[in-house]
Every structure is written in structure tokens, then in C-alpha cells.
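Numbers restart at 1 for each chain; the letters A, B, ... are given by sequence-line order, proteins then strands. Hydrogens, waters and symmetry mates play no part in the numbers below; they use all other heavy atoms, side chains included.
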There are 2 protein chains.
Amino acid sequence: MPTSERTIGRLSLYRRLLKQAVADGQENVYSHELGARAGATACQVRRDLMGLGCAGSPSRGYKVRALLERIDLFLDAPDVEPVAIVGVGNLGRAILSFFQRRRPKLQITAAFDSDPWKVDRVVQGVRCHALADIERVVREQEITLAVLTVPAGAAQEVVDTLVAAGIKGILNFAPAPLRVPLGVFVEDMDLAMSLEKVAYFARGRGGAPRKGGK
Amino acid sequence: MPTSERTIGRLSLYRRLLKQAVADGQENVYSHELGARAGATACQVRRDLMGLGCAGSPSRGYKVRALLERIDLFLDAPDVEPVAIVGVGNLGRAILSFFQRRRPKLQITAAFDSDPWKVDRVVQGVRCHALADIERVVREQEITLAVLTVPAGAAQEVVDTLVAAGIKGILNFAPAPLRVPLGVFVEDMDLAMSLEKVAYFARGRGGAPRKGGK
DNA sequence: ATCACATTGTGAAACTAATCACAGCTTAAC
DNA sequence: GTTAAGCTGTGATTAGTTTCACAATGTGAT
Ligand SMILES: NC(=O)c1ccc[n+]([C@@H]2O[C@H](COP(=O)([O-])OP(=O)(O)OC[C@H]3O[C@@H](n4cnc5c(N)ncnc54)[C@H](O)[C@@H]3O)[C@@H](O)[C@H]2O)c1
Ligand SMILES: NC(=O)c1ccc[n+]([C@@H]2O[C@H](COP(=O)([O-])OP(=O)(O)OC[C@H]3O[C@@H](n4cnc5c(N)ncnc54)[C@H](O)[C@@H]3O)[C@@H](O)[C@H]2O)c1
């Protein structure tokens, strides 16, 4: 079970590319094809797939449909997983609109905001609740995942509430370091940091080349 | 010059934490303090700082101000770096509003969109130009960095234009693999992928614990 | 002064992830 | 059939990153 954070990311990427391949009518892929599309080496693709127990044929490569099925089984929970979003500001609304156009297994089903003007509004088909209702709603809907788009200053406080309510995974957009107990997974999406990284490497300083090269 | 992609990310994070420390009136930090705040080990912090040529005192730790100065010098370009954003939709507007509240060295100075209704509008103080003007505006303002928030289907086309105009670094939000020539750096911010990762690890499958533990 | 202590700086070790290299298949062509 | 070609599956290898371990060092108490 070769499940490093990096591998999981690649599998998720392969899945998207494979869905595209299915849509294009492609039945089989070679590791080097998938690798080229994903920005990985053929070798790495094979290893990742091997970890899933996928087998390919030396002459036809891997069956696209079989791969997809295997990856789905591995990455997804058996049922739809409801997701909460806290902070229905500019970013929160953008994410809501993005996610509500089809995403079968991960569905945002509840929003929360401290602003009384937003409470009880319905945004992109999702009801916005008051902060005080987090615990109740999260338990009622058995939500285990949350997207955090509140100002940095409020982040830790909100996280504590979420964790107390039983949340197990958080996608955090607030530029603040979150303290969570063991067993809760946090993924930080730090826009400012990423842009600084881009600026640094664009300057050609680091010898970090980049996938592609049409 | 220990400049892996990972290290750069941490330095950027240290910088933000150190700015906070200065605001709080803190003069010195120990590696383990900074480490705790950044979710890294003391050891790693020391190594990262060592790479910058920073020195600390065994009794007082590192001087916060000196560290900041050193990191700024290392990460930032000498002058302000103008940034372009392409795709002024929900996400693009959120990013514009986020970035325009102070960010001294990286400034979004030009926006582009294919929608005629948006062209010539001013969003968050930034003028939105027509797509056809990318090359001219980018060259005029000597822009080398771009944020990409167009639909996935348009991403590659836009990237080709950006690269032709001289862009060297791209922060990409479109869930599409971008092909760029060598020397152009792309950082993908894949929201869907990240949420899938959170979902996977929240399920407790992988043994990937997480920083913190108040 | 001297000692006990906590911390830095860093070579070495441990660990993790990516790549190489090649045996073993499977097919297509002749 | 037999051969040639090209791919998979995987042990071995290499590269990269993190942690360990500890000598060296500055500080404050006695
Ligand atoms: N806008 C972006 O592109 C962007 C990018 C990266 C990071 N971020 C971060 O994401 C967060 C949100 O950004 P934004 O641009 O949407 O800001 P915003 O001000 O538009 O939205 C913040 C929302 O959070 C709500 N809120 C405030 N305190 C709250 C609390 N204690 N509990 C619940 N809700 C609360 C506010 O009512 C508001 O609706 C910030 O931390 C920001 O730094 C934003
Ligand atoms: N909204 C989110 O939270 C979110 C999250 C992750 C990724 N994304 C991705 O970011 C991108 C933008 O998302 P969004 O929600 O803002 O979509 P959107 O539809 O609101 O905005 C897209 C914008 O791009 C413009 N556009 C379309 N084609 C263009 C072209 N060829 N050149 C220039 N501009 C063009 C459109 O006019 C529109 O203004 C999409 O690729 C989406 O998948 C969005």
C-alpha cells in the first residue's frame, strides 16, 4: 500500500486524465502516454499503478476503464461524502460555484458564515447556516470534510469548532498555521506562498525545471 | 544554495510567521519556536536558515529582524514584480480582491478576459484588457508572472500566448496539464485534487499524520 | 571563575521518492 | 514458426530530503 501524499495526488491526477481519455474514446493507455499527460515519467506511472494492483499488457498497455475503476475504488469512499464550507466570502462563493458543477463523490452540502446577512441565504443551492449551528449540522449530515475560507484571524477558532464537531479533514485557504489534534488532516492552499514560489523560480534562480516541453 | 521547491515554500512561510513575530514585538526566535509555528522540526528550520547564511546565538536564538531581511533579500526580486491575471471570473475576482490588499513586492497590475462585457472594466483597481492586448501590455509593463483562472479548455491556448509574450512563471488554477517550454515555471493549484487528497487522508487510510497537536 | 544549561551548526545516518535497467511477455510481420 | 519490436513489472540504484547526534558556544546562576 504505497500511499504517500505525493502518490495520492498523482493518482487523483491520473484519474482526471483517464476520464478525459474515456471521453475521447480511448480504450488503452501506455504508461508513457499517461506519464506525458501527467508530467511524470513512464516509470513512475507504472510504479503508482503497480501499487494499486493494476496490470497492463505489454502490447496494449493498460485498459483505461479498468484503471479508472481501480483508482475510484482506491481513492473514493463507498458513499458520497458531504463537505462543509466555512466563510462565504469572495473565495468561498467562487469555490461553491466551482464545486457545485458536478463532482459526484464530494458534495458541498452546508455553508457557514458569521455574517448575519449571509445566514439563511442559499448560495449555489447550498444553505448558509449560522456559526452556532456548525456542531448540529455537521453531526446531522455526518460531514467529515470542510473547506475553510474565513479570514486568517478567525481560522483557529473555527477549526477548533469543526474538530469538536467531528471533522476529520480540512482544506485550508486561510494563511494561518492551524493546530489540530492527531487524526485530523489539514491541507493548506496558500496562494500567497505559491505565487512567491512562482516568482522565485521564474527568476531562474533555482534549477527547478518544469514538466512539458511540447 | 539549497533551493528545492520545498525549501522555498518553507522560507516563504517562515517569512510570514516572522512578520507576525515582529508585529508582536518579538526580537528573537529559537529554531524550535519557529518550527512549531511552521509545522516543521527545529532541525529543519536550522538547516533552512543555514542555507541562507543566517547565524543565530546559542543563547538568544535568531534575531527576527535579521532573518526577515535575509529572507527578503533571498526570495524577492530587487524591484516590485508586476503580475497579470487572465480570466476575471468568480475565482479571478476573488484573487484580485485578495491580492490588492497589500502585497508589496508582487502586484497584480493587469487583467485579461475574453468576455467583451468585462473588457475595459476596472476590477479592484485593475484594468481588464482584451485578450488581443496580452502581448502588448505584458511587454509594456514588463510583466513576467501570471495567474491563470480561465476555464480548463482555454488554458493551453492562453498559456501559449503568455509564453510568447515573455511570461516566465504561471500560477495555474485551471485543472488542465499545461505544456510550457523549458525555462517557464508552472505551479498548479488544483483544488479538486487537493480536496480528494484531504478526503483520502481524512479517512485515516494513509499513515500521514499532521503537524500540530496543540 | 566555574558550572550547568539550552541552543546553534553541521557531518553522518536514515529515510523517502524517483529512476535505471533489464528479464519476461505479447503481438505483428514475414 | 520465427523474429523483431515495444511494453510491462520490478529489483537495484541513485538522488533528494529529513532527522539524528553531538561538539561548540554563549548565558546566567552560584
Ligand atoms: N480571495 C482569495 O483569492 C484568497 C486567496 C487565498 C487565500 N484567501 C484567504 O481566504 C480567506 C477568505 O478570503 P476572502 O477573499 O473570501 O475573504 P472575504 O472577506 O471575502 O470573506 C470572508 C468571509 O468569512 C466570513 N467570516 C469572518 N469571520 C468568520 C468567522 N469567525 N466564522 C465564519 N465566517 C467568518 C465573513 O463574513 C466573510 O463572508 C482569507 O483567509 C484569505 O486570506 C483568499
Ligand atoms: N471557482 C473556483 O473556486 C475554482 C477553483 C479551482 C479551480 N478553478 C478553475 O479556475 C478557472 C476559473 O474558474 P471560475 O470559477 O472563475 O470560472 P468562471 O467561469 O467564473 O470564470 C472564467 C473566466 O474566464 C474568462 N474566459 C473564458 N475563456 C477565456 C479565454 N480564452 N481567455 C481569457 N478569458 C477567458 C471568462 O470570460 C470568465 O470571466 C476554471 O478553470 C476552474 O476550473 C476554479
Side-chain angles (χ1 to χ4, degrees), chain A residues 1-14 18 21 26-67 70-71 197 201 205-213, chain B residues 1-14 18 21 26-64 66-67 70-71 197 201 206-213:
Chain A
M1 228 192 264
T3 51
S4 76
E5 217 171 310
R6 234 126 166 201
T7 309
I8 299 299
R10 280 196 302 268
L11 287 174
S12 170
L13 177 56
Y14 298 158
L18 289 168
Q26 192 175 353
E27 304 235 323
N28 301 280
V29 262
Y30 295 120
S31 58
H32 62 84
E33 281 183 87
L34 193 50
R37 291 180 210 176
T41 65
C43 219
Q44 186 146 50
V45 171
R46 288 205 299 276
R47 214 167 274 279
D48 288 338
L49 296 181
M50 193 172 60
L52 285 192
C54 292
S57 130
S59 47
R60 303 200 199 298
Y62 300 85
K63 283 188 183 174
V64 176
R65 286 182 170 286
L67 278 195
R70 211 78 193 63
I71 296 179
K197 206 160 89 171
F201 286 110
R205 281 285 214 150
R210 185 65 189 183
K211 54 190 149 195
Chain B
M1 223 192 268
T3 51
S4 76
E5 216 170 312
R6 230 118 168 205
T7 309
I8 299 298
R10 279 195 304 267
L11 287 175
S12 169
L13 176 55
Y14 298 157
L18 289 168
Q26 191 177 352
E27 304 234 324
N28 301 281
V29 261
Y30 295 119
S31 57
H32 62 82
E33 282 183 87
L34 193 50
R37 290 179 209 176
T41 66
C43 218
Q44 186 146 51
V45 171
R46 290 205 299 277
R47 195 129 336 244
D48 289 339
L49 296 181
M50 193 174 60
L52 283 193
C54 293
S57 131
S59 48
R60 299 199 203 296
Y62 301 84
K63 284 187 184 176
V64 175
L67 278 195
R70 209 80 192 62
I71 296 179
K197 205 160 88 172
F201 286 109
R210 184 67 188 180
K211 56 190 144 194

Which nucleotides of nucleotides 1-16 of chain C have their base under 4.0 Å from a protein heavy atom (B), which only their sugar-phosphate (S), and which neither (-), written as one string 5' to 3'? ------BBBBBB----
To the nearest Å, how far apart are B/R6 CZ and C/dA18 C1'? 13 Å
Heavy-atom closest pair (A/V64 atom, A/L18 atom, distance to 0.1 Å) is CG1-O, 3.7 Å
B/A21 versus B/R37, closest heavy-atom pair with distance: CB-NH1, 3.8 Å
Go through DNA chain D in 5' to 3' direction and return only the first and the last nucleotide with some atom under 4.0 Å of chain A's heavy atoms. D/dG6 to D/dA12
Before you tell me yes or no, could you show the steps for A/Y62 and A/N28 under side chain to side chain donor-acceptor pair (under 3.5 Å), namely the whole-Å CA-CA distance, both residues' side-chain angles and the distance that decides it to 0.1 Å? CA-CA 5 Å; A/Y62 300 85; A/N28 301 280; over 6 Å; no
Is the shortest side-chain N to carboxylate O distance from B/E5 to A/K197 below 4.0 Å? yes
So, do B/R10 and B/T7 sit near enough that their side-chain heavy atoms are less than 4.5 Å apart? yes
Do the side-chain N or O atoms of A/Q44 get closer than 4.0 angstrom to the phosphate oxygens (OP1, OP2) of C/dT19? yes
From [X] [atom1] over to [Y] [atom2], what is the distance, rounded to the nearest 0.5 angstrom?
{"X": "A/I71", "Y": "A/C54", "atom1": "CD1", "atom2": "SG", "answer": "6.5 Å"}
{"X": "A/R60", "Y": "A/E27", "atom1": "CZ", "atom2": "CD", "answer": "10.5 Å"}
{"X": "A/R46", "Y": "A/Y30", "atom1": "CZ", "atom2": "OH", "answer": "13.0 Å"}

